[in-house]
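Please read the structure below before turning to the comments.
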Amino acid sequence: PVVIEAGAPVKNRSRAGSVIRCIPCPIAVIDLDGRISEVNGAFSDLVSRSGEELIGSTVERLFEHGAEARLVHRLNSDLHVKDLRLNCTGQGGRAVPVSISGSAMTRPLEETQAFVLVFEDLREKSRLEAELEKTRNELKRRVRYIEDFRDGVYRMLKDIDSSEKEIETLCMELKDTHNQLIQSSKLTALGELAAGLAHELNQPLTVIKGLSKNILKTTYEDSAHYEKLKLIVEASGRMEQIINHLRVFSRYEEPVFKPLDLNTVIKDAFIIIKEILHNHAIKTVFNLSRELPAVLGNANRLEQVIINIASNAKDAMLEGGRLEVSTRTVEAGGTKSARMSFKDTGCGMGADIVNRVFDPFFTTKESGKGTGLGLSISYGIVKDHNGEITVESEQGKGTVFHITIPAMDQSP
Ligand code: ADP
């Protein structure tokens, strides 16, 4: 700070004034009553006002919005200021940032006479500071960008690494799927074979049934052969029923949707599977509602779903058990539906398996026994009927599958 040690006598005051005027940095002398008593050219340039205009005017005119209060307070309390930053009012009211340093001018052993203040124009410094700040911010932004970029590259590298592993897993899954596809095409072939076989068996069976019926007609009831013949006629009738159904079931046809009674669909499906369940020591119990509403559906496809669920139940009850088949009417969200439920007393499933049973190719059965397609196909079929298929299961206790299909007639 520039402090003018003013010890000069009054007669020398004009000399002090000319010294101030010679100094190239802006200086102003303020009297104790707050009036400007001296300025130099550099100060006039700073505030863009002439010396005549400034000398005699109050200090308030030099600053913006009463900012001089801080200056006056500091001078009154400390008798000097050092690097006090304020805004002066320049030309047209423009703010000119300045730093002010100065102190009281006193004579030896006397009271303060005035204050000599030296101003530093901070405009260039502020501009440079603002530019520096801008450059600093820009640099920060670029550093952030580079850091983000680096993180992105790092993540990408990690992703590539995990993608490689994923691809490896996918390749293995693809291999499995390929094997399963081969298995399912074998099943399709098996279906065709069954249809062909049923067709071939139909002929001789018609002969057996026809002949045995004729012989039965001409045999007296008290004959030793009558009961045996009757058994042959009944058995061939049952065989005919199974074969006919097998033919219908394995025949591929575009699904036609018709009004259906789900009880009839269940009975037809069990013509094929009932004997198999019986042979595995599984007792089938039917609990079918008499007032089940009709649904719009395709019997063949729904039979496929039922047979699949029943044969899974059979696989889950290796030691035998009970399969309860029931139907009832349900209402949810204002929609009336017919529901079929299949409850077995088999091994049941843990939550991890239950969550995946409808996934294509999900199977827990050994290779060659399961394709993992049954329930995913069933799911698709039920969805085609605008229906729902759900499962509840408890490990070691059993499983129940519910199939719910909206009723055709929704009137209450
Ligand atoms: P797959 O029978 O060929 O395995 P599914 O899609 O029909 O294929 O069944 C998938 C899996 O769901 C089965 O492997 C089995 O683990 C499980 N599952 C299905 N039904 C039952 C059931 N009633 N009891 C226990 N587990 C079942």
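As the structure lists them, so they are numbered: ligands from 1, and atoms in each ligand from 1.
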Practice task
Pick one of side chain, backbone, both or neither for how Phe358 approaches ligand 1, counting any non-hydrogen atom pair under 4.0 Å.
Solution key: neither
Problem - Within-shell test, Phe342 vs ligand 1, heavy atom, strictly < 4.0 Å - result: no
Problem - Any pair counted as salt bridge (charged side-chain N to carboxylate O under 4.0 Å, His left out), so long as it reaches residues 43-58, sequence neighbours left out - result: none
Practice task
Under 4.0 Å, heavy atoms only, figure out whether ligand 1 is touched by the backbone of Val391, its side chain, both or neither.
Solution key: neither
Problem - Nearest atoms (heavy-atom pairs only) where Ala338 meets Val295 - result: CB-CG1, 3.9 Å
Practice task
Would you name the heavy atoms of Asp31 and Ala114 that are closest together and state the gap between them?
Solution key: OD1-CB, 3.9 Å
Using distance only, find each side-chain donor-acceptor pair of residues 274-293 under 3.5 Å and give its atom names and separation, not counting sequence neighbours.
unit_1	atom_1	unit_2	atom_2	d
Asn279	ND2	Glu275	O	3.4
His280	ND1	Ile276	O	2.9
Ser289	OG	Glu291	N	3.1

Practice task
Write down the atom of Asp409, the atom of Lys336, and the distance for their closest heavy-atom approach.
Solution key: O-CE, 3.5 Å
Fill in the blank from the handout: among protein heavy atoms, the one nearest atom 12 (O) of ligand 1 is Val357 CG1, 3.2 Å
Exercise for the section: Identify, for atom 23 (N) of ligand 1, the protein heavy atom at the shortest distance, and state residue, atom and that distance. Expected result: Asp344 OD2, 2.9 Å
Problem - Atoms of ligand 1, numbered as shown, that sit under 4.0 Å from any heavy atom of Thr363 - result: 1 (P), 4 (O), 14 (O)
Handout entry: Residue pair Leu260 / Asn298: nearest heavy atoms and the distance that separates them
Key = CD1-N, 3.7 Å
Exercise for the section: May I ask you to identify the nearest protein heavy atom to atom 18 (N) of ligand 1, giving residue, atom name and distance to one decimal place in Å? Expected result: Met349 SD, 3.9 Å
Problem - Distance in Å, Leu62 CG paired with Ile30 CD1, rounded so as to fall on 0.5 Å steps - result: 6.0 Å
Practice task
Taking Thr327 for its side chain and Asn263 for its backbone only, find out whether a donor-acceptor pair lies under 3.5 Å.
Solution key: no
Problem - atom 7 (O) of ligand 1: the protein heavy-atom neighbour that sits closest, reported with distance to 0.1 Å - result: Asn312 ND2, 2.8 Å
Practice task
Just need the protein heavy atom nearest to atom 8 (O) of ligand 1, so name the residue and atom and give the distance.
Solution key: Gly372 CA, 3.2 Å
Practice task
Could you find the nearest protein heavy atom to atom 11 (C) of ligand 1 and give me its residue, atom name and distance?
Solution key: Phe362 O, 3.9 Å
Problem - Asn308 and ligand 1 - part of the residue with a heavy-atom distance under 4.0 Å - result: side chain
Completion exercise
When distances are taken from atom 6 (O) of ligand 1, the protein heavy atom at minimum range is Leu375 N, 2.8 Å
Fill in the blank from the handout: atom 15 (C) of ligand 1: closest protein heavy atom, distance to 0.1 Å, is Thr364 OG1, 3.5 Å
Exercise for the section: Using a strict 4.0 Å threshold on nitrogen-to-oxygen distance, state whether Glu138 and Arg142 make a salt bridge. Expected result: yes
